[in-house]
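One structure is given here, and the rest of the page talks about it.
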Protein chains: 2
Amino acid sequence: MKDPAIFAVLNEIGIIEQLARNRFERAQPDGLRLPHFTVLNHLVRLGDGRTPGAIARAFQVPKAAMTNTLQRLEERGFVRLEPDPADGRAKRVMLTEAGRARREAAVALAAADLAPVAAGLGLEGLLPGLAALRVALDKARG
Amino acid sequence: MKDPAIFAVLNEIGIIEQLARNRFERAQPDGLRLPHFTVLNHLVRLGDGRTPGAIARAFQVPKAAMTNTLQRLEERGFVRLEPDPADGRAKRVMLTEAGRARREAAVALAAADLAPVAAGLGLEGLLPGLAALRVALDKARG
DNA sequence: ACAATATGGTTCAATATCGAACGATATGCA
DNA sequence: TGCATATCGTTCGATATTGAACCATATTGT
């Protein structure tokens with residue numbers, strides 16, 4: 001009685017995510033956590049000025065968790081929270097120069113740590129399939 | 001300035017893991033969490049009678065977290081913790097029939113939920129590459 | 001205009017997770 | 001044997017994460 005392919009794939013992905021998260025966090029000198037980095041990364045890649053709620057939805061994470069993460073990022077000076085001029089309820093998350101620099105540093109540290117491990121595995125070949133799965137899962141959440 | 005391939009791959013994997021975890025946990029009727037399931041799955045696939053520490057190391061998770069997870073599984077009657085006859089410090093984690101049944105049910109529920117999403121994506125093709133990455137990461141942890 | 005409802009973000013209590021310290025038992029070595 | 005050290009699992013305090021309740025502001029419908 002064999003489990004379906006999706007199961008085997010997600011099992012591997014779960015293990016890889018766990019190992020990669022540990023490796024990433026250990027590679028950071030100042031206790032920067034993966035959630036913090038992912039938010040910085042998101043802002044760098046897709047642009048800042050987004051609302052906390054929009055970021056929370058993008059990562060499928062509760063609003064309360066994003067409130068916490070953004071407070072930590074603000075304490076560290078990596079983002080600023082400004083009031084939304086158009087909507088009195090909302091805020092806008094602005095990336096600071098320090099935040100952008102910290103994201104680049106994190107990428108460099110993680111890449112230096114992971115590059116030897118990933119060398120010669122032909123990972124580019126995985127990207128289309130992974131992207132297709134990600135899109136399918138993303139589309140399926142109602 | 002492009003990030004290396006390993007980065008893009010791990011980014012996709014992180015998103016997929018997040019979406020899949022949410023989907024998995026929402027599909028379970030009794031609040032069974034992914035950590036609980038992964039332990040049950042581990043015991044079913046590799047055999048029970050292991051020590052808590054060995055399981056914690058296998059998942060690269062602190063011992064304290066495993067203590068908690070195993071206590072929850074024991075409360076639910078899915079595992080039993082027996083003293084190790086050969087080592088007075090150690091315990092052995094035994095899978096109960098209810099635990100084995102719950103694992104099968106979880107697989108069935110998750111598969112039913114995920115199969116439509118994953119249909120026609122050719123996921124089998126991803127398995128060798130993912131396994132290679134998992135092995136490389138696993139080997140690289142000191 | 002105004003009441004009903006929806007939305008954005010925070011606060012709150014409960015639970016999970018983490019690293020460190022701890023008591024108990026094993027092992028290594030003089 | 002006896003003492004130092006290592007290992008096993010738990011407990012502890014600090015932090016993260018969650019869903020629910022909450023306040024403030026927007027939007028909708030009449």
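Naming convention: chains lettered A, B, ... in sequence-line order (proteins, then strands); numbering from 1 in each chain.
Ring geometry, B:Phe7 versus A:Phe37: the interplanar angle exceeds 60°, so the pair is classed perpendicular (tilted spans 30 to 60°).
At the heavy-atom level, B:Ala65 lies under 4.0 Å from the strands shown only through sugar-phosphate atoms. Residue B:Asp87 is classed as a sugar-phosphate contact, given heavy-atom separations below 4.0 Å to backbone atoms only. Backbone-only engagement by B:Arg57 is indicated by non-hydrogen atom pairs under 4.0 Å involving sugar-phosphate atoms exclusively. When heavy atoms are screened at a 4.0 angstrom cut-off, A:Ala90 is found touching the sugar-phosphate backbone but no base atom.
Applying side chain to side chain contact (heavy atoms under 4.5 Å, CB included) to B:Leu121 and the options A:Val9, A:Ile6, A:Leu133 leaves one that passes, A:Leu133.
In this model, a side-chain donor or acceptor of B:Lys63 finds a partner on the base of D:dG9 within 3.5 Å.
In this structure, A:Gln18 places its CD atom 11 Å from C1' of C:dT17, rounding to the nearest Å. Rounded to whole Å, atom P of D:dT10 lies 8 Å from atom CG of B:Leu70. Going from atom CG of A:Asp84 over to atom P of D:dA24 covers 19 Å, rounded to whole Å. Taking atom CZ on B:Arg21 and atom P on D:dT17, their separation rounds to 11 Å, with Å as the unit. Straight-line distance from the CZ atom of A:Arg89 to the P atom of C:dT5: 17 Å, rounded to whole Å. Spacing between atom CD of B:Glu25 and atom C1' of D:dT18 amounts to 11 Å, rounded to whole angstrom units. Distance, B:Phe59 CZ to C:dC18 P: 13 Å, rounded to whole Å. In this structure, CD of B:Glu82 is placed 19 Å from P of D:dC8, rounded to the nearest angstrom.
Between A:Thr67 and C:dT10 there is a side-chain polar atom (N or O) within less than 4.0 angstrom of OP1 or OP2.
No donor-acceptor distance shorter than 3.5 angstrom exists from the side chain of B:Asp48 to the backbone of B:Leu43, with no hydrogens or angles considered.
Ionic pairing of A:Arg21 and A:Glu17 is present here: one or more N-O contacts between side-chain nitrogen and carboxylate oxygen are shorter than 4.0 angstrom.
Taking every side-chain heavy atom of B:Thr69 into account, C:dT17 is the closest of C:dT17, D:dT25, C:dA26. If you check D:dA6, C:dT17, C:dG19 against the side chain of B:Pro62, the one that comes closest is C:dG19. Side chain of A:Gln71, nearest nucleotide from C:dT15, C:dT11, D:dG9: C:dT11. Distance from the side chain of B:Ala64 is smallest for D:dC12 among the nucleotides D:dG9, D:dC12, C:dT15.
Nearest-nucleotide positions on DNA chain C for A:Arg33 and A:Lys91 put A:Lys91 closer to the 5' end. Judged by closest nucleotide on DNA chain C, A:Asn22 is the one of A:Asn22 and B:Gly88 placed further toward the 5' end.
Side-chain contact of A:Gln28 with A:Arg102: a donor-acceptor pair under 3.5 Å is present, judged by distance alone.
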